[in-house]
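Just so you know, residue 1 is the first one in the sequence shown, and it goes up from there. Read the numbers this way: they start at 1 and go in the same order the structure lists the ligands and their atoms.
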Amino acid sequence: MSSDDTLQTSVPTDTETGTGIGAIAPFDAIVSPEAETIADVRGEWWRTAVIYQVYPRSFADSDGDGIGDLRGITSRLDSLADLGVDAVWLSPFMTSPQKDAGYDVSDYCGVDPLFGTLDDFDALRARATQLGLRVIVDLVPNHSSSAHPWFQAALAAGPGSTERGHYTFRDGLGENGELPPNNWESIFGGAAWSRITEVDGTPGQWYLHLFDSSQPDFDWSDPWVREQFLDILRFWLDRGVDGFRVDVAHGLIKADGLPDYTPPAEAGSMGGGLADDLTPPYWGQDGVHEIYRTWREVLDEYDGDRIMVAEAWVEPLSKLANWVRPDEMHQAFNFSYLESGWTATSIRRVIDSSLEVFDSVGAPSTWVLSNHDVVRHASRLALTTENPQGTGIGPKTEGLPDRDLGLARARAATAIMLALPGSVYLYQGEELGLPEAIDLPDDSRQDPTWFRTNGERYGRDGCRVPLPWESASPAFGFNTTGEAWLPQPDDWAPYARDAQVGRVGSTLELYKLALAARDEFDLGSGEIEWLTGYGPSVVAFRNGEITVIANTGDVPVELPIADELLSSVELDGPALPPNATVWLRV
Ligand code: GLC
């Protein structure tokens, strides 16, 4: 039974009611909320930036209720500066009934009391500025929460009203409108349409929700919707954010007439098309570009190089280039890279095509291996079966990963990624080598995917478990009470940050070393030159002074004589073992 079958009729509105600060280090004393945004000292910072995704529910919890919050994030920001990243992207912390962990927004300009207040956000941003970190927030324009006052007004106003026009309502098919308007399926499973009951109690119209039924899709052909989002952009820009991660950026415009569509059996993530000629009627429609051009004009009115990054699951990469033309978004997530797997051929191929495609429009390539929607790469890279975005893994999954193999590959894959030119996205916890939490009890799972598929798909909870900070503290230092909205595996102590700081060879120290060297040798603005002669299972390239050699095969590879700058495994001779990457200075 889905958790979202009942439409919300009320929303929390008191966004100014904060929660008390807990035992995590106070920061008010050292933060001036009036601090300015960072001066633009490095030109277009985003072309080479390493951006760290914070998932607020699971980063750090200052009030001990088991759900992370803004004050918790602020209290731990120094660890991200220490890691060596340039910016943080915060997944949504706006007012929300939390039916999809905050991607169901009921007030785009308010902070959910779970996470704190707008003052807490200002303090977070100010602290980030002190630490030299930029702050990007998540914007969810494809759909709101069904609890949003706009949707509630649409329900109340009736068919044909202006209010209903803000969302995608249609009459049903069949004699009495009892069938959905088309055959589209929700990305989370089940139908993409729900029927409402009109105010007079009669069965009424249907509304579209590409995701959960608590997430009604806007109708972006309505100029009113466009105006609201320009105001929302300005609200956050005025508050000093450095940019936006734009959720489901490929979904805003639907094809005229909403034609039936069945994704092919081999459909890509999010049901996307894989071939050039395959465009689902709800993804990647040309009309989206006009919207982003307008947004770009707004961002360009502001100083300080504010950016937009598209979450657009568009395949192939050549289509994605359209999102990052000079007058549109600055970046788009490179999900083709995330999905390329652990073979030298696929890695070389996706690097080549990424650089070519993004370069063709003057945009930097981006690189990403993990986020809050996919199986963590420390597990995914050792899976023996396909696991598309959102499917997740659990105790009954076939081909479960070997943990040591997964971690070895993850470290090696990260060491390739951090040597590539362009901008990199890291997901919280990957710097600790965290695996996917596979054995979550069924009754703790919260992803709507789990409910909408009756447990057939585990969904994304396994990559969202609260972070371990301290190996010997309650909830591994996530808070002081031991509460956690998703249970942390008992054996996570060795992954805790304090167990890795300063320990030679730990995953945390590997990330730090790589990020420092990336900076020192300007790898982000460099160029790739492929090296040959190492065999078909090896990825080998030079970026400036650094030579990178990665072994995806199953036999050791002989290394040239050179200074070792970093290695994903401890080397005990001039050979690189399987599932390892080394950076050399030749
Ligand atoms: C994006 C988010 C995902 C969310 C979905 C619906 O894909 O990354 O977490 O569930 O959009 O908003």
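- Arg411 is linked by a salt bridge (charged side-chain N to carboxylate O under 4.0 Å, His left out) to nothing, counting only residues two or more places apart in sequence or in another chain.
- If you look at ligand 1, the protein residues with a non-hydrogen atom under 4.0 Å away are Asp100, Tyr103, His143, Phe188, Phe211, Gln215, Arg245, Asp247, Val248, Met270, Glu311, His372, Asp373, Arg460, Arg464.
- Evaluated for a side chain to side chain donor-acceptor pair (under 3.5 Å) with His372, the options Arg57, Gln53, Arg460, Gln428 yield exactly one hit, Gln53.
- Listed by chain and residue number, Asp222 satisfy the side chain to side chain donor-acceptor pair (under 3.5 Å) test with His166 (two or more places apart in sequence, or in another chain).
- Annotation: ring-ring contact (aromatic ring centres under 6.0 Å, His included) contacts of Phe121 (sequence neighbours excluded): Phe93, Trp236.
- Of the residues listed (Phe211, Trp206, Tyr261, Tyr282), the one engaging Trp184 in a ring-ring contact (aromatic ring centres under 6.0 Å, His included) is Tyr282, and it is the only one.
- Here the side chains of Val248 and Tyr103 are not in contact, with every heavy-atom distance at 4.5 Å or above.
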